[in-house]
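All values below come from the heavy atoms of this structure, side chains included, with hydrogens, waters and symmetry mates left out. Whatever order the structure lists them in is the order used to number ligands and atoms, beginning at 1.
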Amino acid sequence: MDNISRTPRTSLKRLPERGSFDREQINAILDEGFICHVGFVVDGQPFVIPTGYARVDDRLVIHGSQASRMLRSLARGIDVCVTVTLVDGLVLARSAFHHSMNYRSVLIFGKATLIENREEKIAALRALTEHMIPGRWDDARKPNERELQLTTVLALELDEASAKIRTGPPLDDEEDYALPVWAGVIPLRLVAGQPVADPRFPRDILPPGYASDYERTARKR
Ligand SMILES: Cc1cc2nc3c(=O)[nH]c(=O)nc-3n(C[C@H](O)[C@H](O)[C@H](O)COP(=O)(O)OP(=O)(O)OC[C@H]3O[C@@H](n4cnc5c(N)ncnc54)[C@H](O)[C@@H]3O)c2cc1C
């Protein structure tokens with residue numbers, strides 16, 4: 001088992017048995033999600049910005065406009081904390097106190113670096129597209145030089161990261177198990193609807209399989 005080294009910042013204090021430093025498990029969570037929340041501080045002001053991401057080997061990549069404050073700030077090498085959360089279910093306990101959620105989440109600390117090398121930047125952009133919709137990159141027009149210039153791509157090494165996972169039924173106080181209150185789990189998952197064609201797209205062409213059969217699962221392992 002390939003473990004990511006535990007650091008004082010990533011050592012779980014609350015319910016540490018739910019923690020994991022297993023790289024495979026962390027990668028699987030990152031590969032299933034596609035939205036992360038990026039936390040950073042500028043001039044004493046904390047920001048938490050939602051954004052798309054992809055994992056490329058042992059790095060997380062994010063991208064956006066050159067004008068983005070988030071990306072410009074991170075490119076300066078400031079400390080960043082990124083989280084990814086997958087919600088698997090609502091946990092209904094007999095007591096209000098013990099209600100919970102089943103989830104898989106990852107938290108990463110580090111400093112992002114700018115991807116400047118052209119080939120590496122295109123590979124990261126490809127990964128971002130493929131992570132969201134596998135199979136899409138080959139069909140889409142590739143970024144031109146101007147688009148490449150206008151896009152900032154950053155990488156964050158996955159070398160200080162932890163996962164936390166809750167699974168299973170509610171954990172009630174022993175005396176509450178006798179209560180006639182329904183208890184259990186409402187499973188939740190992300191489900192794709194029917195693709196809706198752009199009104200400017202010819203109506204007689206069917207959507208590609210990756211759009212009509214879209215499903216969110218961990219794809220790289
Ligand atoms: C699901 C999702 C995916 C996204 N993917 C990307 C991506 O891949 N690349 C990318 O560059 N951006 C993405 N965004 C947009 C991103 O959240 C930021 O709005 C954007 O990056 C601009 O960042 P900024 O620091 O320049 O914001 P600024 O415009 O400098 O922010 C100024 C203020 O605007 C408000 N604000 C900014 N963003 C948001 C927000 N998302 N929601 C509510 N208020 C906001 C806040 O009050 C913030 O302090 C995504 C957003 C969502 C919700």
Where the side chain of Glu157 meets the backbone of Gly110, is there a donor-acceptor pair that is under 3.5 Å apart? no

Sub-3.5 Å donor-acceptor pair from the side chain of Arg55 to the main-chain atoms of Asp57, do we have one? yes

List the protein residues in contact with ligand 1, where contact means a heavy-atom separation under 4.0 angstrom. Ile35, Phe47, Ile49, Pro50, Thr51, Gly52, His63, Gly64, Ser68, Arg69, Met70

Please verify the inter-ring angle class for Phe40 with Phe47; under 30° counts as parallel, over 60° as perpendicular, anything in between as tilted. parallel

Anything under 3.5 Å between a donor and an acceptor, one on a side chain of residues 14-21, the other on a protein residue two or more places apart or in another chain? List them.
unit_1: Ser20; atom_1: OG; unit_2: Asp22; atom_2: N; d: 3.1
unit_1: Ser20; atom_1: OG; unit_2: Gln25; atom_2: OE1; d: 2.7

Across all chains, not counting sequence neighbours, the ring pair (Phe, Tyr, Trp, His ring centres under 6.0 Å) partners of Tyr210 are none

Where at least one partner belongs to residues 94-120, residue pairs that pass salt bridge (charged side-chain N to carboxylate O under 4.0 Å, His left out), sequence neighbours excluded: Glu32-Arg104, Arg59-Glu120, Asp79-Lys111, Asp88-Arg104, Arg94-Asp172, Arg118-Glu145

